[in-house]
*Asks:* 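Here it is: the structure, laid out below.
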Amino acid sequence: MYVRAGMDKKVLIPDPATAEGKIVVSLKEESDIEGVCFDGTEENEAIFSNYLADLSFAGFDKPVFASAYVVGDISGVSDMKSHISRRTKNGVMEQEISGGCLGLFVTTGMDEFTKIDEDAIWSYNCYFVVLDYKNGASYKEKTDFSLRCSDWVDLNLADITGDGAQELVVSYNYNKSIDFGVYHVNADKNNMEEIYSCNQDWEKNGEFIDRMAFEGRLKDNYKVVLGFPCIGYSKTVSMITDAGYSKSQMQEKIDEIGCINYVGMWNNGKLRKKWAEKYGKVFLYTLDDISCVKTEEDIMQLELVRSVCVGHRSEEIGTMHIYLGYDKDSGSLVVKNAEYADEKMAYKEWHTKTWGKFTFK
């Protein structure tokens, strides 16, 4: 398979069921679209029509827009090689990759694409599509991820389940938080399955695997207990030596009306249980960073980094690194390990993080 990105005028994506011989796929790069999507003129709308693809063979009744792609062994290990040619600011870059599958993030309902407001959401009608040119099959999955003018979904591949097939790993930086998901192609069932997603409706779901497994509480001497009972993890940290606050800050009085802060939870080191019960919730906040790591046993795990907060999301005392691994019995990700980083380390991480880009360590 030959994938040409940013090289041709029109987008062309062949049907895996009928493609034979030399398979050529023509896609657009994000840089190609930046000058078009923010302008609502009729001229740019006409240009944009060249960016839409016919995926009727995958069940779409109108042309779709593919804003992200990835190539690899998504449906299983194969001996097929793919060649990717990309037009960049430094010229054409060429790369050979193992695998004969093309993963796409596509959207329909492009009636909003001419909005000039960069913060406007283009469409919630988005799908993940995997085209298997090795086996002549197509898979798709409706998703809650959305397409925005100013934020783009980032696609990666990693064998999270350990079965040799690569999972579609999705990250999306929005409002200084990261939405994240993992999707697995099940060739036997001819479908795509969601293994994990933190891109959910907060009003309905509200909690995710790592956050549901977390427990935190305050105790005397300005201490905070952090734990994941499911793996027997527990760590006691200090608001002073670890989180970096002074004893004088801990003595400030609380205004019961509208109180959201941790201060005043202690009186000379003694926990004020009334205030702690009412205002002292210890919780994990937004997903700040994600990466893929391998254990000493060569098992792939996901490392999720979340802020630890007391009382309110603005009162951070460090970060938790939560390691998720695949559980074959449940068919989902579960907490495997955890590690706390104090405020100094959290500050350093914040200034070096990749802002939504999935990385491998």
*Asks:* Could you check whether any side-chain heavy atom of Lys22 comes within less than 4.5 Å of a side-chain heavy atom of Val24, counting everything from C-beta outward?
*Replies:*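 Heavy-atom side-chain distance check passes, below 4.5 Å.
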*Asks:* Any side-chain heavy-atom pair from Ser146 and Tyr172 closer than 4.5 angstrom?
*Replies:*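 Of all side-chain heavy-atom pairs linking Tyr172 with Ser146, at least one is under 4.5 Å.
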*Asks:* Quick one: list whatever passes salt bridge (Lys or Arg N to Asp or Glu O under 4.0 Å) with Lys273, sequence neighbours left out.
*Replies:*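 Expected list: none.
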*Asks:* Do Val106 and Phe57 belong together in a cluster built from hydrophobic side chains that touch within less than 4.5 Å?
*Replies:*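 The answer is yes; both residues are in one hydrophobic cluster.
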*Asks:* Just how far is it from atom CG of Leu287 to atom CZ of Arg211, taken to the nearest 0.5 Å?
*Replies:*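 That separation rounds to 10.0 Å.
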*Asks:* Could you work out, with ring pair (Phe, Tyr, Trp, His ring centres under 6.0 Å) as the rule, every residue matching Tyr196, not counting sequence neighbours?
*Replies:*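 Per chain and number, Tyr196 pairs via ring pair (Phe, Tyr, Trp, His ring centres under 6.0 Å) with no residue.
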*Asks:* Salt bridge between Asp79 and Lys134, side-chain N to carboxylate O under 4.0 Å?
*Replies:*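 Lys134 and Asp79: salt-bridged.
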*Asks:* Looking at SG of Cys292 and CZ of Phe360, how far apart are the two atoms once the value is rounded to the nearest 0.5 Å?
*Replies:*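 Answer for the SG-CZ pair, Cys292 versus Phe360, is 5.0 Å.
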*Asks:* Is any side-chain heavy atom of Met239 closer than 4.5 Å to a side-chain heavy atom of Ile317?
*Replies:*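 Touching, per the 4.5 Å side-chain cut-off.
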*Asks:* Using every non-hydrogen atom in the two residues, find where Met192 and Val130 come nearest and quote the distance to one decimal.
*Replies:*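 That closest heavy-atom pairing would be CE-CG2, 3.4 Å.
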*Asks:* Applying side chain to side chain contact (heavy atoms under 4.5 Å, CB included), run through Lys219 and Thr236 and close with a yes or a no.
*Replies:* CA-CA 9 Å; Lys219 61 183 298 187; Thr236 301; 4.2 Å; yes
*Asks:* If you compare all heavy atoms of Val11 against all heavy atoms of Lys28, which two are closest, and at what distance to 0.1 Å?
*Replies:*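 Nearest heavy atoms, Val11 then Lys28: CG2-CG, 3.7 Å.
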*Asks:* Look only at the side chain of Trp266 and the backbone of Lys247, and say whether a donor-acceptor pair between them is shorter than 3.5 Å.
*Replies:*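 Not a single qualifying donor-acceptor pair exists.
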*Asks:* Between Leu27 and Val3, does a side chain to side chain contact (heavy atoms under 4.5 Å, CB included) hold up when you go through it step by step?
*Replies:* CA-CA 7 Å; Leu27 301 171; Val3 178; 3.9 Å; yes
*Asks:* Is the closest side-chain heavy-atom distance between Phe60 and Val129 below 4.5 Å?
*Replies:*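 In contact.
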*Asks:* If you draw a 6.0 Å radius around NZ in Lys10, do more than 12 non-hydrogen atoms from other residues or ligands fall strictly inside?
*Replies:*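 Result for NZ/Lys10: open.
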*Asks:* Would you check if Val170 and Val182 make a side-chain contact, meaning some heavy-atom pair closer than 4.5 Å?
*Replies:*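 With C-beta onward as the side chain, the pair stays apart.
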*Asks:* Under 4.5 Å between side-chain heavy atoms, counting indirect links through other Ile/Leu/Val/Met/Phe/Trp/Tyr residues: same cluster for Met7 and Leu52 or not?
*Replies:*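 Different clusters.
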*Asks:* Between Asn190 and Asp188, do the side chains contain an N or O donor and an N or O acceptor separated by less than 3.5 Å?
*Replies:*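 Note: Asn190 and Asp188 side chains miss the donor-acceptor criterion.
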*Asks:* Between the main-chain N or O of Lys344 and the side-chain N or O of Asp342, is there a donor-acceptor pair closer than 3.5 Å?
*Replies:*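 Here the side-chain-to-backbone pair exists.
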*Asks:* What is the minimum heavy-atom distance between Met320 and Leu226, and which atoms define it?
*Replies:*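 Shortest heavy-atom contact: SD-CD1, 4.0 Å.
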*Asks:* Return the set of residues passing side-chain contact (heavy atoms from CB on, under 4.5 Å) with Thr241 (not counting sequence neighbours), or none when no residue passes.
*Replies:*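 Listed in chain order: Ser238.
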*Asks:* Show, in sequence, the C-alpha distance, side-chain angles and deciding distance for Arg87 and Glu29, and conclude whether the salt bridge (charged side-chain N to carboxylate O under 4.0 Å, His left out) test is met.
*Replies:* CA-CA 8 Å; Arg87 179 175 55 78; Glu29 286 284 286; over 6 Å; no
*Asks:* Restricting to ring pair (Phe, Tyr, Trp, His ring centres under 6.0 Å), what partner residues turn up for Tyr139, sequence neighbours left out?
*Replies:*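 Applying ring pair (Phe, Tyr, Trp, His ring centres under 6.0 Å) to Tyr139 gives none.
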*Asks:* Exactly one of Leu104, Leu155, Ile97 should register a side chain to side chain contact (heavy atoms under 4.5 Å, CB included) with Val70. Which one does?
*Replies:*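 Going through Leu104, Leu155, Ile97 one by one, the side chain to side chain contact (heavy atoms under 4.5 Å, CB included) with Val70 is satisfied by Leu155 alone.
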*Asks:* So, applying ring pair (Phe, Tyr, Trp, His ring centres under 6.0 Å) with Phe214, which one of Tyr233, Phe228, Phe283, Tyr340 is it?
*Replies:*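 Of the listed residues Tyr233, Phe228, Phe283, Tyr340, the ring pair (Phe, Tyr, Trp, His ring centres under 6.0 Å) partner of Phe214 is Phe228.
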*Asks:* Could I get the full list of salt bridge (Lys or Arg N to Asp or Glu O under 4.0 Å) partners for Asp8, not counting sequence neighbours?
*Replies:*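 Per chain and number, Asp8 pairs via salt bridge (Lys or Arg N to Asp or Glu O under 4.0 Å) with Arg4.
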*Asks:* Could you pull out the closest heavy-atom pair between Ile84 and Tyr69, with the gap in Å?
*Replies:*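 Taking Ile84 first and Tyr69 second, the nearest heavy atoms are CG2-OH, 4.3 Å.
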*Asks:* Glu193 and Asn186: side-chain donor and acceptor closer than 3.5 Å?
*Replies:*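 Indeed, the side chains of Glu193 and Asn186 share at least one donor-acceptor pair under 3.5 Å.
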*Asks:* Using side-chain heavy atoms (C-beta onward) and a distance below 4.5 Å, is Thr319 in contact with Val308?
*Replies:*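 They are not in contact (no side-chain heavy atoms under 4.5 Å apart), so the answer is no.
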*Asks:* Tyr323 and Gln301: side-chain donor and acceptor closer than 3.5 Å?
*Replies:*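 Judged by distance alone, the side chains do not pair up.
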*Asks:* For Ser75 and Asp132, run side chain to side chain donor-acceptor pair (under 3.5 Å): C-alpha distance rounded to whole Å, both residues' side-chain angles, the deciding distance at 0.1 Å, then the answer.
*Replies:* CA-CA 7 Å; Ser75 65; Asp132 186 352; 2.7 Å; yes
*Asks:* Rounded to the nearest 0.5 Å, how far does CG of Leu284 lie from CD1 of Ile322?
*Replies:*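 It is 5.0 Å, given to the nearest 0.5 Å.
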*Asks:* Of the non-hydrogen atoms in His321 and Ala341, which two are nearest, and what is the gap between them?
*Replies:*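 It is NE2-CB, 4.0 Å.
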*Asks:* Might you point out which heavy atoms bring Ile178 and Ser171 nearest each other, and give the distance in Å?
*Replies:*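 Heavy-atom minimum between the residues: CG2-CB, 4.3 Å.
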*Asks:* Between Asp159 and Gly164, is there a donor-acceptor pair closer than 3.5 Å when you use the side chain of the first and the backbone of the second?
*Replies:*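 Side chain of Asp159 to backbone of Gly164: a pair is present.
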*Asks:* Does a side-chain heavy-atom distance below 4.5 Å link Ser67 with Val153?
*Replies:*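 No, too far: nothing below the 4.5 Å cut-off.
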*Asks:* I'd like to check the side-chain contact (heavy atoms from CB on, under 4.5 Å) partners of Ser307; sequence neighbours left out, ordered by chain and number.
*Replies:*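 Once residues adjacent in sequence are excluded, the partners of Ser307 under the side-chain contact (heavy atoms from CB on, under 4.5 Å) criterion are Tyr285, Asp288, Cys309, Glu316.
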*Asks:* Nearest 0.5 angstrom please: Tyr183 OH to Glu167 CD, how far?
*Replies:*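 Going from the OH atom of Tyr183 to the CD atom of Glu167 covers 13.0 Å.
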*Asks:* Among residues at least two apart in sequence or on other chains, which ones pass salt bridge (Lys or Arg N to Asp or Glu O under 4.0 Å) with Lys223?
*Replies:*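 For Lys223, no residue satisfies salt bridge (Lys or Arg N to Asp or Glu O under 4.0 Å) once neighbours in sequence are set aside.
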*Asks:* Taking Ile299's backbone N and O only, do any of them form a donor-acceptor pair with Thr295's side chain (distance below 3.5 Å, no angle check)?
*Replies:*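 Such a contact is found between Thr295 side chain and Ile299 backbone.
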*Asks:* Using 0.5 Å steps for rounding, measure from the OG atom of Ser332 to the CD1 atom of Ile195.
*Replies:*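 The CD1 atom of Ile195 is 8.5 Å from OG of Ser332, to the nearest 0.5 Å.
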*Asks:* Should the heavy atoms of other residues, nucleotides or ligands under 6.0 Å from CD of Glu296 be counted, would the total exceed 12?
*Replies:*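 Not buried by this count: 12 neighbours or fewer within 6.0 Å.
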*Asks:* Step by step, would you call Cys101 with Leu131 a side chain to side chain contact (heavy atoms under 4.5 Å, CB included)?
*Replies:* CA-CA 6 Å; Cys101 289; Leu131 305 178; over 6 Å; no
*Asks:* Suppose the criterion is ring pair (Phe, Tyr, Trp, His ring centres under 6.0 Å): which pairs have a residue in residues 76-107, not counting sequence neighbours?
*Replies:*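 Every ring pair (Phe, Tyr, Trp, His ring centres under 6.0 Å) pair that includes a residue of residues 76-107, provided the two are not neighbours, is Tyr2-His83, Phe105-Phe128.
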*Asks:* Go through the structure and list residues passing salt bridge (Lys or Arg N to Asp or Glu O under 4.0 Å) with Asp210, not counting sequence neighbours.
*Replies:*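 With sequence neighbours excluded, Asp210 shows a salt bridge (Lys or Arg N to Asp or Glu O under 4.0 Å) to Arg306, given in chain and number order.
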*Asks:* Restricting to pairs with a member in residues 92-106, which pass side chain to side chain donor-acceptor pair (under 3.5 Å), not counting sequence neighbours?
*Replies:*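 Listed by first then second residue: Lys81-Ser98.
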*Asks:* Less than 4.5 Å apart, side chain to side chain, heavy atoms only: is that true for Leu333 and Leu302?
*Replies:*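 A side-chain contact under 4.5 Å exists here.
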*Asks:* Do you reckon Met300 sits in the same ILVMFWY cluster as Tyr326, going by side-chain contacts under 4.5 Å, direct or chained?
*Replies:*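 Result: yes, single cluster for both.
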*Asks:* Determine which pairs satisfy salt bridge (Lys or Arg N to Asp or Glu O under 4.0 Å) with at least one residue from residues 64-76, sequence neighbours left out, and list them in order.
*Replies:*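 Listed by first then second residue: nothing to list.
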*Asks:* Kindly state each residue pair satisfying salt bridge (Lys or Arg N to Asp or Glu O under 4.0 Å) with at least one member in residues 317-330, sequence neighbours excluded.
*Replies:*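 Listed by first then second residue: nothing to list.
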*Asks:* Which distance, rounded to the nearest 0.5 Å, do you find between the CG of Leu102 and the CD1 of Ile74?
*Replies:*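 Between Leu102 CG and Ile74 CD1, I get 7.0 Å after rounding to 0.5 Å.
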